[in-house]
Amino acid sequence: MILVTGGAGFIGANFVLDWLAQSDEPLLNLDKLTYAGNRENLASLANDRRHVFVHGDIADSDLTGRLLARYTPRAIINFAAESHVDRSIHGPEDFIQTNVVGTFHLLESTRGYWSKLPAGTRERFRFLHVSTDEVYGSLTSDAPAFSETHRYEPNSPYSASKAASDHLVRAYHHTYHLPVLTTNCSNNYGPYHFPEKLIPLMIVNALAGRPLPVYGDGQQIRDWLYVQDHCSAIRRVMDAGRPGETYNIGGCNEKPNLEIVHTVCTLLDELRPRADGRPYREQITYVADRPGHDRRYAIDAGKIERELGWRPAETFATGIRKTVEWYLANQDWVSNVQSGAYRDWVEKNYGGRPS
Ligand code: NAD
Ligand code: DAU
């Protein structure tokens, strides 16, 4: 079997669902169920014996040691993290605890387990660390996209904590020869995306008649990738990536935030027109910028394409339509995640934010 951490979150849950749709290999899912972890994402697996869910923390070495000894996974995919940049600005400590300290403890447990495996199994074992393009910092408008050799220049507590975890993973390969792989991916979107992030926030706010808060001038650029394409890239790297290597993953799909918001509004105008017939983009409001906001990210995904033959299957046009349709069809999921804690976050980040 394989061990997935953070498999109740956005990308992790998509990965778990995809994995079990394509393979009969069982999957052990370790998740702390923070505000971002949601068992409802995995409801379709309730009676599926191939999915073993454990509620726990990657920083709990006793627990991970016991799980590794009991289930003897052939690979670990580490999705578990605090993932939201704005939250890292309001409160960085959880990011250091999970992304840095948690990854360190998981690496230590893994090293202890892996070093005692029989030779052949030890050689085939893989630890895949899921990271982000944000570790590379911000690009100017005419700079080439991030390659794997781009210097690390993280700018937010989130990206700094992910950069630290990437360095630990690298060091465990260099020092102990642990067979690690690191992927650095651009912005994902798709089903089960928590509505604190740009695309789901815009869909959810638009439908509720609330303002659509665009930070600064809305001209910051992100490189968007449909989440299932990220999952297929991770599977490919796990199967064929060279231990010790890093692979950038992206959609070759750079867009300014304002264009993303306009696209969401246009799709909603078509699929769920406002009762008053007015366009959703009338709800856009410009609000104070995110402190330290990175201006542009762009991924050069040439290495994974050349070496492993991976390319995204979805275009932005097809992926964003599927995404908006998913949110319209899953309004119960949307209302269930908008708990009191979610409302507290919205008040903290947007309430009193100057326009
Ligand atoms: P998410 O916030 O939606 O989910 C994170 C999951 O990890 C949640 O289920 C949460 O409960 C769990 N978790 C948090 N702390 C934990 C701990 N200490 N132990 C065990 N589980 C814990 O995040 P996501 O957007 O799905 O991102 C998953 C991974 O992919 C992260 O490592 C993130 O840095 C990386 N990434 C995300 C994107 C993106 O666009 N969302 C892009 C590139 C890379
Ligand atoms: O690049 C990969 C990263 O993408 C991941 O590592 C992170 O985990 C993930 O959260 C995401 O980070 P971003 O900061 O790019 O995503 P977010 O959805 O928070 O913001 C996308 C852009 O939209 C960013 O430029 C900020 C802007 N934004 C965001 C929100 C929430 C707004 O203008 N208004 C908003 O309300």
Side-chain angles (χ1 to χ4, degrees), residues 4-16 29-39 41-42 54-60 63-64 77-89 94-95 97-99 101-103 105-106 129-136 138 146 154 156 158-159 161-162 165-166 183-190 192-202 205 211-225 227 230 234 249-250 255-258 260-261 284-290 293-299 346 349-350 353:
V4 164
T5 71
F10 163 47
I11 305 173
N14 276 285
F15 183 88
V16 170
N29 184 352
L30 172 65
D31 197 295
K32 187 177 172 185
L33 295 178
T34 66
Y35 78 92
N38 183 356
R39 295 223 41 193
N41 299 352
L42 305 164
V54 176
H55 180 194
D57 191 330
I58 56 167
D60 182 345
L63 173 65
T64 54
I77 305 177
N78 184 31
F79 290 98
E82 290 293 337
S83 70
H84 190 33
V85 174
D86 291 318
R87 287 188 194 252
S88 83
I89 295 167
D94 288 348
F95 289 73
Q97 178 54 34
T98 282
N99 302 359
V101 179
T103 302
H105 283 297
L106 185 63
H129 180 60
V130 180
S131 192
T132 169
D133 60 358
E134 299 204 10
V135 297
Y136 299 125
S138 186
F146 299 128
S156 71
Y158 163 69
S159 54
S161 68
K162 290 296 289 187
S165 67
D166 292 7
T183 55
N184 294 90
C185 189
S186 61
N187 284 63
N188 286 213
Y189 66 100
Y192 305 110
H193 206 180
F194 193 75
E196 63 185 357
K197 309 279 167 64
L198 180 72
I199 289 179
L201 181 86
M202 294 298 157
N205 279 13
L212 307 180
V214 171
Y215 294 165
D217 63 2
Q219 293 308 314
Q220 304 82 5
I221 292 175
R222 298 291 183 265
D223 179 353
W224 295 91
L225 181 72
V227 63
H230 188 187
I234 289 171
I249 304 170
K255 292 199 186 296
N257 293 338
L258 196 58
I260 297 288
V261 178
I284 292 174
T285 44
Y286 291 89
V287 299
D289 210 349
R290 171 187 280 175
H293 200 170
D294 285 337
R295 194 69 181 165
R296 172 177 168 238
Y297 303 141
I299 280 279
V346 169
N349 195 41
Y350 300 99
R353 191 177 190 128

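For this chain, numbers begin at 1 and follow the sequence in order. First listed ligand is number 1; within each ligand, the first listed atom is number 1.
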When you measure from [atom] to every protein heavy atom, which one gives the shortest distance, and what is it?
{"atom": "atom 14 (O) of ligand 2", "answer": "R290 NH1, 2.7 Å"}
{"atom": "atom 9 (C) of ligand 2", "answer": "S83 O, 3.9 Å"}
{"atom": "atom 34 (N) of ligand 2", "answer": "P213 O, 2.8 Å"}
{"atom": "atom 27 (C) of ligand 2", "answer": "N257 ND2, 3.4 Å"}
{"atom": "atom 5 (C) of ligand 2", "answer": "Y158 OH, 3.6 Å"}
{"atom": "atom 29 (C) of ligand 2", "answer": "Y215 CE1, 3.6 Å"}

Between Y158 and F95, what is the ring plane arrangement, given parallel below 30°, perpendicular above 60°, and tilted in between?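 Rings of Y158 and F95: perpendicular, as their planes differ by over 60°.
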Show which atoms of ligand 2 fall inside a sub-4.0 Å distance from at least one heavy-atom site of [X].
{"X": "Y350", "value": "30 (C), 31 (C), 35 (C), 36 (O)"}
{"X": "H84", "value": "19 (O)"}
{"X": "L201", "value": "36 (O)"}
{"X": "K197", "value": "10 (O), 18 (O)"}
{"X": "H293", "value": "24 (C), 25 (O), 26 (C)"}
{"X": "D133", "value": "1 (O), 2 (C)"}
{"X": "V214", "value": "33 (O)"}
{"X": "E196", "value": "31 (C)"}

Does an N or O from [X], backbone or side chain, lie closer than 3.5 Å to an N or O of ligand 2?
{"X": "R222", "answer": "yes"}
{"X": "L198", "answer": "yes"}
{"X": "E134", "answer": "yes"}

Using atom types as modelled and distance alone, determine if a side-chain donor or acceptor of K162 lies under 3.5 Å from a backbone N or O of V130.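 Indeed, once roles are kept as given, a pair shorter than 3.5 Å links the two residues.
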For the pair R353 (side chain) and A288 (backbone), establish whether a donor and an acceptor sit closer than 3.5 Å, ignoring hydrogens and angles.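 Yes; judged by distance alone, with no hydrogens or angles, the pair exists.
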Please tell me if the side chains of I249 and I299 come closer than 4.5 Å, counting only heavy atoms from C-beta onward.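 No, their side chains stay 4.5 Å or more apart.
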Using a 4.5 Å cut-off on heavy atoms from C-beta on, say whether the side chain of T5 contacts that of L106.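 Contact flag for L106/T5 side chains = yes.
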For ligand 2, note which part of N187 has a heavy atom under 4.0 Å away: side chain, backbone, both or neither.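 The answer is both, backbone and side chain.
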Could you check whether [Y] and [X], counting side-chain N and O atoms only, form a donor-acceptor pair closer than 3.5 Å?
{"X": "T64", "Y": "H105", "result": "no"}
{"X": "Y350", "Y": "N205", "result": "no"}
{"X": "N188", "Y": "N14", "result": "no"}

Kindly compute the distance separating [atom1] ([X]) from [atom2] ([Y]), expressed to the nearest 0.5 Å.
{"X": "Q220", "Y": "Y215", "atom1": "CD", "atom2": "OH", "result": "10.0 Å"}
{"X": "W224", "Y": "I260", "atom1": "CH2", "atom2": "CD1", "result": "5.5 Å"}
{"X": "L225", "Y": "N187", "atom1": "CG", "atom2": "CG", "result": "9.5 Å"}
{"X": "L30", "Y": "L63", "atom1": "CG", "atom2": "CG", "result": "6.0 Å"}
{"X": "F10", "Y": "Y189", "atom1": "CZ", "atom2": "OH", "result": "9.5 Å"}

R295 bridged to D289 by N-O distance under 4.0 Å: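 D289 and R295: not salt-bridged.
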Y35 six-ring centre to R87 NZ/CZ under 6.0 Å and within 45° of normal: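 Output yes; distance and angle both within limits.
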Around ligand 1, what residues show up once you keep those with a heavy atom under 4.0 Å from it?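 Shell around ligand 1 (4.0 Å, heavy atoms): G6, A8, G9, F10, I11, D31, K32, L33, T34, A36, G37, G56, D57, I58, F79, A80, A81, S83, T98, V130, S131, T132, Y158, K162, C185, S186, N187, N188.
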Please verify whether a non-hydrogen atom of K162 lies at under 4.0 Å from ligand 2.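 No.
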